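Take a look at the structure below.
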Amino acid sequence: MEKASTYQELSADTLAARLNSIAAVTDRVGADTSQWQVKEVGDGNLNLVFILNGPKGTVIVKQALPYVRLVGDSWPLPLYRAFYENQALIRQQQRDPGSVPQVFHFDGDQALIIMEYLAPHIILRGKLIAGERVANLSRTMGEFCARTAFRGSELCMASGDKKADVALFAGNVAIPAISEALVFTAPYHEAELNHHTPELTPVVEKLRGDVALKTRVQAMMMKFISNTETMLHGDLHTGSIMSTDDDSRVIDPEFVQYGPMGFDIGMLTANFLMAYFSQPAHRSAADLGGYQGWILDQIREIFEHFDTEFRHLWKTERTGILYPATLFEDQGHSSDAACEDVLRQIYEDAFAFCGIEMLRRVLSLAHNADFETITDTAVRAPLEARNIMMGVELIQNAETVRDVASLIAMAERFNAGDIL
Ligand code: SR1
Ligand code: MG
């Protein structure tokens, strides 16, 4: 699949000469390269991202680098991840049409995806730091999580197709290895690339000495690795969502893998919670309560939309081998309790994965701008500490969190307390 020998890194200067014969590009931006404008805008941890603008229009050119951009060439990373990202985008487009950018062209040798330019969308995390509201966000995200979870599982898919897909995506070894290391392992010991706000050291030392906590996280990692319920986005944070005032799209599924249905909604919730806990540093006292309330509303509504959509799909698209009508409706038996049971397990997993993501984003390598843009560490540390303590509680007690209302009450409790 990967032919690294022909691969060449793009630059803003070489892009026109490299892409001028691709019809999928010239059809959309125009063929006169003298009028092309190219800007590299990648602000993620892994890839090059260019905006290519021409007389007819604009496209995004995304190219995987053979190393982790955030760290440099000391951390090599296979180019084949672009293949899986493209495959993931195709499946997400099928399972939730319109939720992801349209792909115009894929080149595996060059690890290149040319796709729809989303405008005037910007990264949601920036909007949350700026205190902006986005209409329809919770519906889009709740439905995206429910549709991709349900339609990518054997609740819906033909068993042979799903198993072939699990085998296909199992080839994407290097990317899950990043999550296995950075999300589930590094936060719990002094791993080389870790960093944290200095004032948090006493909290961090206590947490790293908590054997029960580490054990619980490892149990969740076992689920993450072994439980191939559905195709995950795999890295669904607020930097993987682009929004306008009223429209949101999901980008960057290169961390795609088959995994537990609660993973994506759990990671997403964690990132909204980190936005929530960081707000005292970003808002005036007059705006703080209202905006934090809006963020909590998004979390509650995401779960409500997820729940409604999942139950709807259960009734209308349960065509797979799991919980078949043969065993329930055809026998005159309701499957409502079975659906309830499946949802309960998804939420329990989601709450635990949520706690794990909340810890890794302040203890491991890849932190979030929500906290990192707070330059005064004396202000940042107490806010991160609230986030850490809620993360720990979620990991330890995920099964006792009854519902999203309890999750939100927990967030309000930690937000009101001072740990540092
Ligand atoms: C080395 S990559 C670090 C992080 O960036 C990605 O967005 C994932 O979240 C990964 O864990
Ligand atoms: Mg990403």
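Numbering of residues begins at 1 and proceeds along the displayed sequence. Small disclaimer: the values here were computed from a predicted structure and weren't measured. Note that ligands are numbered from 1 as they come in the structure, with each ligand's atoms numbered from 1 the same way.
In this structure, E393 contributes its side chain and G355 its backbone to no donor-acceptor pair below 3.5 Å.
When only non-hydrogen protein atoms are considered, atom 10 (C) of ligand 1 lies nearest to F255 CZ, 3.7 Å. The closest protein non-hydrogen atom to atom 11 (O) of ligand 1 is R360 NH1, 2.8 Å.
Around atom 8 (C) of ligand 1, the closest heavy atom drawn from V68, D235, N45, L46 belongs to D235.
Between Y84 and Y80, the ring planes are perpendicular. Angles over 60° get that label, and only those under 30° would be called parallel.
Ligand-side atoms of ligand 1 in range of H237: 7 (O), range being under 4.0 angstrom from any heavy atom. Distances below 4.0 Å separate heavy atoms of L182 from the following atoms of ligand 1: 1 (C), 3 (C). In summary, the atoms of ligand 1 found under 4.0 Å from a heavy atom of A366, numbered by their order in the structure, are 3 (C), 4 (C).
Looking at R300 and D297, a side-chain N of the basic residue comes within less than 4.0 Å of a carboxylate O on the acidic one, giving a salt bridge. Comment: R133 does not engage D245 in a salt bridge, judged by the lack of any side-chain N to carboxylate O separation of less than 4.0 angstrom.
Residue R361 places a heavy atom less than 4.0 Å from ligand 1.
Across N271, V250, I241, a single residue satisfies side chain to side chain contact (heavy atoms under 4.5 Å, CB included) together with L124, and that is I241.
Around the CZ atom of R402, the shell of radius 6.0 Å holds no more than 12 heavy atoms that belong to other residues, nucleotides or ligands.
At a 4.0 Å heavy-atom cut-off, ligand 1 does not touch R69 at all.
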